[in-house]
Peer 1: 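Below is a structure I'd like to ask you about.
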Amino acid sequence: CHDVHWEAQVLKIDAKWWPYIDFVGHQHNVHEDAKTLLSSLYSNRDLKNKVIQSAWDRYGKKGWGDDDKCEERPGEFMEEKSSVHSNDSRSQLLEWYTPELEKVVEEQWAVEWEQEETHFEKIKLFPGKK
């Protein structure tokens with residue numbers, strides 16, 4: 001069954017734009033990557049007001065909103081301090097993942113690893129198995 005949510009992300013970006021992409025964040029490091037990206041962004045309105053703040057300073061440090069209870073996620077943007085979404089999935093990976101499934105994933109998302117700009121690390125859960 002085809003589901004667009006499982007398509008390779010690099011295919012969502014037309015090839016003509018890749019030369020202009022200078023930052024790719026990764027899920028496993030989402031808080032630090034979000035902070036790096038937002039710290040590099042500034043608004044033209046700051047130039048008028050002479051209050052220079054990065055997007056991180058303006059929004060990222062506040063977390064998910066001005067309300068401390070916003071989605072029960074206090075803290076910085078993309079920082080997870082709660083166990084609300086924790087399901088210990090990493091420890092369950094080998095229970096559900098098989099060498100056959102790993103082969104399917106490698107074939108389906110080969111384009112992700114081949115795209116130089118993404119710097120995706122290839123993970124082998126079952127080395128030596130074909």
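Note: hydrogens, waters and symmetry copies are ignored here, and every other heavy atom, side chains too, is used. All figures in this text were calculated on a predicted structure; none of them were measured in a lab. Counting begins at 1 with the first residue of the sequence.
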Peer 1: Counting heavy atoms not belonging to E95, are there more than 12 under 6.0 Å from its CD?
Peer 2: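 Yes, CD of E95 has more than 12 neighbouring heavy atoms, counting only those of other groups under 6.0 Å.
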Peer 1: Rounded to the nearest 0.5 Å, how far apart are OG of S43 and CD of Q53?
Peer 2: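 These two atoms lie 10.0 Å from each other.
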Peer 1: Is E106 paired with K122 through a side-chain N to carboxylate O contact shorter than 4.0 Å?
Peer 2: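 Between E106 and K122 there is no salt bridge, as every charged N stays at least 4.0 Å from the carboxylate O atoms.
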Peer 1: Which heavy atom of W109 sits nearest a heavy atom of W113, and at what distance?
Peer 2: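 Closest approach of W109 to W113: O-CE3, 3.2 Å.
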Peer 1: Mind checking side-chain contact (heavy atoms from CB on, under 4.5 Å) for I21 and listing every partner two or more places apart, or none if nothing turns up?
Peer 2: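 Expected list: I13, W18, V24.
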Peer 1: Let me confirm one number: the CG-CD distance from L93 to E102, rounded to the nearest 0.5 Å.
Peer 2: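 Atom-to-atom, L93:CG and E102:CD are 9.0 Å apart.
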Peer 1: Starting from W96, can I reach L125 by hopping between I/L/V/M/F/W/Y residues whose side chains sit under 4.5 Å apart?
Peer 2: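 L125 does not cluster with W96.
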Peer 1: Measure up the F120 and H26 rings against each other and bin them: parallel (under 30°), tilted (30 to 60°), perpendicular (over 60°).
Peer 2: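 Ring orientation of F120 relative to H26: perpendicular.
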Peer 1: Sub-3.5 Å donor-acceptor pair from the side chain of E112 to the main-chain atoms of V10, do we have one?
Peer 2: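 Side chain of E112 to backbone of V10: a pair is present.
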Peer 1: Taking side chain as C-beta onward, heavy atoms only, is T36 less than 4.5 Å from W56?
Peer 2: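 T36 does not reach W56 side chain to side chain.
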Peer 1: Indicate yes or no: at least one non-hydrogen side-chain atom of L94 is less than 4.5 angstrom from one of F126.
Peer 2: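 Side chain of L94 against side chain of F126, heavy atoms only: contact under 4.5 Å found.
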Peer 1: Check for me, please, whether V111 and V4 land in the same ILVMFWY cluster - side-chain distances under 4.5 Å, paths through other members count.
Peer 2: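 No, separate clusters.
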Peer 1: Who pairs with Y42 by side-chain contact (heavy atoms from CB on, under 4.5 Å), at least two apart in sequence or on another chain?
Peer 2: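 With sequence neighbours excluded, Y42 shows a side-chain contact (heavy atoms from CB on, under 4.5 Å) to I52, S54, given in chain and number order.
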Peer 1: Using modelled atom types only, decide if a donor and an acceptor are shared between the side chain of T118 and the backbone of Q115 within a distance under 3.5 Å.
Peer 2: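 Yes; at least one donor-acceptor contact below 3.5 Å.
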Peer 1: Crowded around D3 CG? As in, over 12 foreign heavy atoms under 6.0 Å?
Peer 2: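 More than 12 within 6.0 Å, yes.
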Peer 1: Distance from S40 atom OG to K35 atom NZ, nearest 0.5 Å?
Peer 2: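 Reported to 0.5 Å precision, the distance equals 13.0 Å.
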